[in-house]
Structures are given as structure tokens and as C-alpha cells.
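Contents: one structure, followed by commentary.
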Number of protein chains: 2
Amino acid sequence: MRIGELATSTETPVETIRYYERAGLLTASARSEGNYRIYGVAHRERLSFIRHCRSLDMTLEEIRALLRFRDAPEENCAGVNALLDEHIQHVSHRIGQLLTLEKQLKKLRAQCRKTEAAIHCGILAGLARAPDARKTGRGAHIAGAHRHAGAAR
Amino acid sequence: MRIGELATSTETPVETIRYYERAGLLTASARSEGNYRIYGVAHRERLSFIRHCRSLDMTLEEIRALLRFRDAPEENCAGVNALLDEHIQHVSHRIGQLLTLEKQLKKLRAQCRKTEAAIHCGILAGLARAPDARKTGRGAHIAGAHRHAGAAR
DNA sequence: CTTGAACCTTGTACTGACTACAGAGTCAAG
DNA sequence: CTTGACTCTGTAGTCAGTACAAGGTTCAAG
């Protein structure tokens, strides 16, 4: 199958598949006469694996590690467990941070319940003060609060 | 004061201050004889404001909008309220997504409680299956699960 | 056989919010 | 005068893609 079919059958943009190839995650086994990438069923399974991991917010680096385990079935899966445990920790940690953040934002928002001149705005005043010592976003393995729509074209 | 003092007094890396200048958030008012950036107290306050907003996971674009309100005190603060409400929504939404994600990861992890050969590993098998229809990370304004340490030097 | 659409190729540049240099200039202390 | 800390500009890297441009290939309809 060519890249377009692989793309639609795994709901992955074509450009992303080529990007994964550059990133060393998924290489086409051959090229056609016209220099088109040729994929088989194993490639589709591998790509599904990658996309599932991505949907679980793993980095490509983590996925690379999992693929190494997948490609070496004689190894034991202690490494898989460890990787997953670490990833779960990151996610849990980030949830805690975002909950703290949410509380802070709501507190800030409560400082301005009605429409006033900005010069008296409690929110702007609150933001002008130095931030708390506890860091909300910085230093975490789990990412911040923004992501663009992207993905679905 | 020069950039180094501004940096230490706001706990902001020097490079980040210069980056904010390029991004149009904070411009030094003058240059010294030797072409060094010169800042005053107002700059420090503005930078603290920016850093506080960043610690609340706002984007630079959102901060730019807040700075416009701050710079125009005759305007009313309805826009500030709206911006903050929207940001709170994003954060809450992302928390929900991460909680779902956490549940999925723990379920996956439970499939391999003991160390076995990777070929029998339930986790690898689980990841090979197509992901659920509900998207965890994609399409959200709130970002994914990873961020490098960075920041604190 | 030709035309045109649909597909594919490589390569490059862009995103956000920085971080990390290289190579040069400035300045005060010893 | 030299050393070392500081600063300057400019460029490139990070992550996981996205979005082109400019061209080549394939396939079906006319």
C-alpha cells in the first residue's frame, strides 16, 4: 500500500507519516518504480501502535523506547512497566499542578466581579504582584495549558 | 539597571528577557554608552506581571492582550474578565482530559502486573490495538503531557 | 494518445516559548 | 595590562508536527 492509503486507514496525516520516518519511528520497506513508499500490514500495525501511544500523550522518545521492547520480544517487560509508571507519574503530577492553577485563576477572577475601569481592576492589580513561590507550570515534565486544534484537517 | 540585575531580581533568564523584547512585550527604554539595555522600576513591574501571567500558563498572546488593557487604564475591564474566563475554561478542560488519560494509563498498566517476557506483555498488546474514539489530547487548547525542566538554571 | 485530477516526491519554513551557543564588545578590579 | 564578569547580536536547536512550493507519477476518461 502507498502512503495515502496508510494515512487514511490509520487517520494519520501523510506529512506526519513522513515525519515519523525522518524521526526513525517508521520506515517504508521499499519504494515503487515511481519512487513511492510501499507499506505492508506490519507497517500499519506499527503506526497504529505509535498513534495510540501519542493519544496517551507519550513523547516520541518514550515511544521509541517502547518500540525497542516491541522489536525485542525476548527481553522481559520490566522496562515497559517502568516507562509506563513514570509516564503515569508525570500525568498525575501535571493534573495536580493544573488544579492548583485553576484555583489561582478562579481566585483572581473573583477579584473583579463587575465591569469597572481597568485602572481599578482587581485582576490587573493581582497579576502585578509577584507570583507565589510554588511554581505551577515550570519544571514539570507535563506540559502547560495550551495546544492548538491542529490534527484534524 | 542593566539586564543582569533585572534578570536576577525577577528570576528570569537574561535570554528570556531579550526574547520578550523581540516578541514585543518588554522594551528597554534606553541604551547605555556601551549599548547595554537600561531598565527602570516600571520595567521590572511589567516583567513581573508577564512572569506571573506565564506562571498561570497564559500564552504570550494572552499576555499581550492583558498588557494592552494595562496600558489603557481608561478602558473598562470587561475584556480582562472575558480573557480570564476563557483561560479558566481551557485549564478546566485540560484537567478533564488528563484525568481521562490517567485512567486509561492505569488500566493499561494493570494489564502487566508482573515481569514477563515482552512477547506476552499485555501492555504492548494493549497499545497495539487502535486507540479509543475519544481523543485525549488532540484538539484541545490545553497542552499535552510533557515539558522539560528548563526555566530554573 | 492526451488531458487532467489525484496522488506522490523532496525540501524548506513556520509554530511557541524559550534555550544554547559563537564571536565580539564593554567595563571594573587587581 | 590582563583577567574575568557581564553584555551585545545573530543563529540554530528544542518538540511534534503543519503548510507550503515546485516538480514527478499514476490512472481513468475522453
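All values reported here derive from a predicted model rather than from experimental measurement. Reminder, nothing fancy here: chain letters follow the sequence lines and each chain counts from 1. What's counted below: heavy atoms across the whole structure, side chains too, no hydrogens, waters or symmetry copies.
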### Summary
Rounded to whole Å, the OH-C1' distance (B:Y39 to D:dC6) equals 14 Å
#### Entry: Closest contact, heavy atoms only, A:L60 versus A:L25
CD2-CD1, 3.8 Å
### Spacing between B:E5 atom CD and D:dA5 atom C1', to the nearest angstrom
15 Å
#### Entry: Any residue meeting ring-ring contact (aromatic ring centres under 6.0 Å, His included) with B:Y19, in chain and number order, not counting sequence neighbours
none
### Message
Let me spell it out: for each of B:R64 and A:R31, pick the nucleotide of DNA chain C with the closest heavy atom. Which residue's pick is nearer the 5' end?
### Response
A:R31
### Message
Judged by each residue's nearest nucleotide on DNA chain C, which is more toward the 5′ side, A:G4 or B:E61?
### Response
A:G4
### Message
Rounded to whole Å, how long is the line connecting atom CG of A:L26 with atom C1' of D:dG17?
### Response
15 Å
I'd like a table of atom pairs between the protein and nucleotides 1-3 of chain C - only N or O on both sides, under 3.5 Å - with the distance next to each one.
none

### Message
Tell me the interatomic distance from B:L6, atom CG, to D:dC8, atom C1', rounded to whole angstroms.
### Response
16 Å
### With sequence neighbours excluded, residues passing side-chain contact (heavy atoms from CB on, under 4.5 Å) with B:R31
B:E21, B:N35, B:R37
## Note on the structure
Here the pair of heavy atoms bringing A:M1 nearest to A:G40 is CE-O, 3.6 Å
### Query
How is A:R18 classified with respect to the nucleic acid when contacts are heavy atoms under 4.0 Å: base, sugar-phosphate, or nothing?
base
### Query
Just the dot-bracket of DNA chain D, please: which string comes out with Watson-Crick or G-U pairs under 3.5 Å, [ ] for crossing, | for another strand?
||||||||||||||||||||||||||||||
### Message
From C-beta outward on B:T16, which listed nucleotide comes closest to its side chain: C:dA17, C:dT19, D:dT7?
### Response
C:dT19
### Summary
Contacts of B:I17 meeting side-chain contact (heavy atoms from CB on, under 4.5 Å) (sequence neighbours excluded), chain-then-number -> B:I3, B:L6, B:A7, B:T12, B:L26, B:Y39, B:L47
### Message
Restricting to salt bridge (charged side-chain N to carboxylate O under 4.0 Å, His left out), what partner residues turn up for B:R64, sequence neighbours left out?
### Response
B:E61
### Nearest to side-chain heavy atoms of B:E15, which nucleotide of D:dG17, C:dT19, D:dA19
C:dT19
### Task
Round to a whole Å and report the spacing from CD1 of B:I3 to P of C:dC27.
16 Å
### Message
With a cut-off of less than 4.0 Å, is there a side-chain N or O of B:Y20 near OP1 or OP2 of C:dA17?
### Response
no
## Note on the structure
On a heavy-atom basis, the closest approach of B:T8 and B:E5 is OG1-O, 3.1 Å
### Query
Who pairs with A:S9 by side-chain hydrogen bond (donor to acceptor under 3.5 Å, both in side chains), at least two apart in sequence or on another chain?
A:R44
### Summary
The contact string for nucleotides 22-27 of chain D, one letter per nucleotide 5' to 3', using protein heavy atoms under 4.0 Å with B, S and - for base, sugar-phosphate only and none, comes out as --BBS-
#### Entry: Residues which pass side-chain contact (heavy atoms from CB on, under 4.5 Å) with B:S32, listed by chain and number, not counting sequence neighbours
B:Y36, B:I38
### Task
Using whole Å, report how far CZ of B:R54 lies from C1' of C:dC18.
9 Å
### Nucleotide C:dA17, atom P - distance to CD1 of B:I63 in whole Å
8 Å
### Query
Going through the checks in order, is the side-chain contact (heavy atoms from CB on, under 4.5 Å) test met by B:L105 and A:D57?
CA-CA 10 Å; B:L105 286 168; A:D57 260 332; over 6 Å; no
### Separation of C:dC8 P from A:E21 CD (nearest whole Å)
14 Å
### Query
Sequence neighbours excluded, which residues qualify as side-chain contact (heavy atoms from CB on, under 4.5 Å) partners of A:A82?
none
### Query
Within the pair A:R37 and C:dC7, is there a side-chain N or O less than 4.0 Å away from OP1 or OP2?
no
### Task
Just jot down the salt bridge (charged side-chain N to carboxylate O under 4.0 Å, His left out) partners of B:R46, sequence neighbours excluded, or say none.
B:D71
